[in-house]
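The structure appears below as structure tokens.
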There are 2 protein chains.
Amino acid sequence: MLLYRPFENRLNNALSKHQLYRAQWSIMYYLNNDASVTLVELSHYLGVEKPTVTRTIAKLEEMGFLEPVPTKDKREKRMQLTDTGRKVYQEVRAAIDEFEQEILRGISEEEQLEGIRLMSEIRKNLMQGEL
Amino acid sequence: MLLYRPFENRLNNALSKHQLYRAQWSIMYYLNNDASVTLVELSHYLGVEKPTVTRTIAKLEEMGFLEPVPTKDKREKRMQLTDTGRKVYQEVRAAIDEFEQEILRGISEEEQLEGIRLMSEIRKNLMQGEL
DNA sequence: GAGTAATAGTTATCGAGAGTAACTAATTAT
DNA sequence: ATAATTAGTTACTCTCGATAACTATTACTC
């Protein structure tokens, strides 16, 4: 199976230093410092229902890591990282990069790239089946 | 990230036909038709605490998919698939194999094997970091 | 071999994070 | 102008993870 708990446990561990949880991180990760997103966009990207996103976003906003950006369409709620959010992103990112190095030790650059290519291929196939 | 919700959603979908959930399936999958396991063994394999296993096992037993096998050590609770359990295993397995074929389409046998090798390499690294 | 350690499992309680159903408000299409 | 669609929210439910504190059995130690 692709899902592997010990990996999740390690991730949780890296996040716990900042009181973050996986679902929250996946949103900060998607924003990747600069971008902004709507809830629907996130819901598609994450493959999760809207109420789930609403809740997670609300928590991140309350924690001061996310803030709304104004938009023409008044239905939309578009969000971006705050300054603190960006700082935390950087720190967590570094911690995760570190443990990723660790679990990839003994695996050549080439093999890693091949692996990433494979995963995105699978992802593409997955997305097609979603319609 | 290695974890990818749409994949989990597809898996859930394959399982839902038999009223199964992922945590339950992961145990049936580990048993792989024949073997038997103790809770501690599962707890290590799954990377999950004992109470979690207790609950999941209890549900599977109640559903009639798992049964205890007698053992010398009276502390142990060793479990195996029942006949119904084995039947369900086969059916679900077939469904999962099918959708795995689907999401692997366009990826050569070689690449798949290379991918599997990579994953188990990562897994090995992960396990070492667990001590 | 008696007494202490360790091990296997359970119970109770908590929290994250997913889902569905039913809703409001805003925008688009007819 | 009205109907349909879209974005998001609220309320509620469920799975599945964790911890703490416990019992029963087995293994270790002196």
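Chain letters run A, B, ... following the sequence lines, proteins first and then strands; every chain starts at 1.
Residue B:Thr54 has a polar side-chain atom (N or O) positioned under 4.0 Å from OP1 or OP2 of C:dT10. Within the 4.0 Å cut-off from OP1 or OP2 of C:dA18, at least one side-chain nitrogen or oxygen of B:Arg5 is found.
Among the atoms of the strands shown, none is found under 4.0 Å from any heavy atom of B:Thr56. In this structure, B:Glu76 reaches the sugar-phosphate backbone alone: every heavy-atom distance under 4.0 Å involves primed, P, OP1 or OP2 atoms, never a base.
Checked against A:Tyr89 for a side-chain hydrogen bond (donor to acceptor under 3.5 Å, both in side chains), the options A:Glu91, A:Arg86, A:Arg93 give a single hit: A:Arg93.
Across all strands shown, D:dT26 remains unpaired; no Watson-Crick or G-U wobble contact has both distances below 3.5 Å. Pair assignment for C:dA5 gives none, since no Watson-Crick or G-U wobble pairing has each distance under 3.5 Å.
The minimum heavy-atom distance linking B:Leu46 with A:Arg5 is given by the pair O-CB, 3.0 Å. Heavy atoms only, all atoms of each residue included: B:Pro6 and A:Met127 are closest at CG-SD, 4.4 Å.
Rounded to whole angstrom, the span from the CG atom of A:Leu60 across to the C1' atom of C:dA16 amounts to 13 Å. Following rounding to the nearest Å, B:Arg55 (CZ) and C:dG15 (C1') show an atom-to-atom distance of 12 Å. One interatomic measurement links the two molecules: CH2 of A:Trp25 to P of C:dA16, which rounds to 19 Å at whole-angstrom precision. Atom CZ in B:Arg78 sits about 15 Å away from atom C1' in C:dT7, given to the nearest Å. Computed from coordinates, the B:Asn13 CG to C:dT20 P distance equals 11 Å when rounded to whole Å. Distance B:Lys77 NZ to C:dT11 C1': 13 Å, rounded to the nearest Å. Distance B:Glu49 CD to C:dA8 P: 13 Å, rounded to the nearest Å. Atom NZ in B:Lys59 sits about 16 Å away from atom P in C:dT10, given to the nearest Å.
Donor-acceptor pairing under 3.5 Å is lacking for the side chains of A:Thr56 and A:Gln24.
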**OP:** Please assess B:Tyr45 against B:Tyr29 for the test ring-ring contact (aromatic ring centres under 6.0 Å, His included), listing each intermediate value before the final yes or no.
**Re:** CA-CA 12 Å; B:Tyr45 167 68; B:Tyr29 177 84; 7.8 Å; no
Original post:
In the 5'-to-3' direction, what one-character label does each nucleotide of nucleotides 21-30 of chain C receive under the scheme B = base within less than 4.0 Å of a protein heavy atom, S = sugar-phosphate only, - = no such atom?
Top reply: B---BBS---
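Taking 4.0 Å as the cutoff to heavy atoms of chain B, we find the contact window on DNA chain D bounded by D:dT15 to D:dT26.
Between A:Leu39 and B:Tyr21, it is A:Leu39 whose nearest contact on DNA chain D lies nearer the 5' terminus.
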